[in-house]
Amino acid sequence: MTSLDNITLGVLTSGGDAPGMNAAIRATVRTALANRARAIGVANGFEGLVNGEFRPLNARDVGGILQRGGTILQTRRSKRFEEAKGMREAIRHMNEAGMDGLIVIGGDGSLRGAHALAQQGIKIVGIPASIDNDIWGTDMAIGVDTALNTIMEAVDKLRDTASSLSRAFLIETMGRNSGYLAVMAGVVCGAELVLVPEAPVSVEEVIHLVEDAYRRGKTHAIIIVAEGASIGVTELSRIIDEMDVGFKTRVTILGHIQRGGRPTALDRLIAANLGVKAVEALLEGQTDIMVGMKGLEATTIPLAEVTTHPLRPALDYYEVAKTLAR
Ligand code: F6P
């Protein structure tokens, strides 16, 4: 991209919403404007791209959104965009609007969509946003820290009631096929046990560990179960109660509460860094890449690598959670 005066950049949010998406929209729009480029917001993710649901965004349009969860552009999971006809319509609408490049803010499925569009010659930069933290090429995705803080607050409260009545609480966290949130929650909430899809544990072992916690004089047991774990919370609760291990159980499924709320300072910082880096990369002519975090620095990585690499392993802290559960 040569003369920046006539450059128009689009931005969309796609897949599951994540706290901090608005902060990322704000950062991309304001960085574009600061570089004399124009910004267009695409409503409803790739579905809105297929339908041509575009609106210009100026500096004031993205005022007052930094602290809000969700996404002002709204988001969808689009089946139509996956078909050749949908992709063709999307490209036609982008050309008609004079869009020179597009920033896609979303999770692994959205980044696959971004890569497919880049393969058609569209200039694309992806920004990772998903509470699951299962995206290759970034230490942290936007939304993860806020979700973890939401879980921490909920588990702290559940522990109060669990110890008062000497109960075992089975708490289900989100994360589709990734145990990242469960493992990290296990560490920061001091859980007795964490169950994740990446490290299956037998029912017998779970029973043994809960009974052992009771024998060692614990006043409660906090068991964090990732939604993709091999045994579900309801089934596990039934079995533990049947086996009479000392604690009676209660189940809490945290669900979509983990996706909402004001983004934490860390999520706002990551969103600011990645938003700035994404626009700078596009204006430099880079394409088919994702911007990601290496520590607190923004880096770039080809989308081809992000989308073909196996999911990020979530087990870095698994042993730490186990060691600290004594
Ligand atoms: O990918 C984010 C996520 O919240 C997962 O953790 C969860 O499995 C899924 O989305 C839930 O999707 P939906 O909002 O469609 O119920």
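When a ligand or atom number is given, it counts from 1 through the structure's own listing order.
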If you measure every N or O of Gly16 against every N or O of ligand 1, does any of those distances drop under 3.5 Å? no
Nearest-contact summary for atom 1 (O) of ligand 1 - protein heavy atom, Å: Asp132 OD2, 2.9 Å
So do His220 and Glu192 actually touch side chain to side chain, heavy atoms under 4.5 Å? yes
protein heavy-atom neighbour closest to atom 4 (O) of ligand 1 works out as Arg259 NH1, 2.8 Å
Which of the atoms in ligand 1, numbered in the order shown and given with their element, are less than 4.0 Å from a heavy-atom of Met174? 4 (O), 6 (O)
Can you tell whether the side chains of Glu280 and Lys277 come within less than 4.0 Å, N to carboxylate O? no
Around atom 9 (C) of ligand 1, find the nearest protein heavy atom and jot down its residue, atom name and distance. Arg176 NH2, 3.7 Å
Could you work out the complete set of other residues in the hydrophobic cluster of Leu165, with links drawn between I, L, V, M, F, W and Y side chains under 4.5 Å apart? none
Just list the side-chain donor-acceptor pairs under 3.5 Å for residues 171-190, sequence neighbours left out, or say none.
unit_1: Ser178; atom_1: OG; unit_2: Asp132; atom_2: O; d: 3.3
unit_1: Ser178; atom_1: OG; unit_2: Tyr180; atom_2: N; d: 3.2

Between the side chains of Arg92 and Glu96, is the shortest nitrogen-to-carboxylate-oxygen separation below 4.0 Å, so that they form an ion pair? yes
Glu83/Lys79 salt bridge by N-O under 4.0 Å criterion: no
From the options His256, Gln258, Glu227, select the one whose nearest heavy atom is closest to atom 7 (C) of ligand 1. Glu227
Who's the nearest protein heavy-atom neighbour of atom 15 (O) of ligand 1, and how far? Arg77 NH1, 2.6 Å
Which atoms of ligand 1 have any heavy atom of Gly175 under 4.0 Å away? 6 (O)
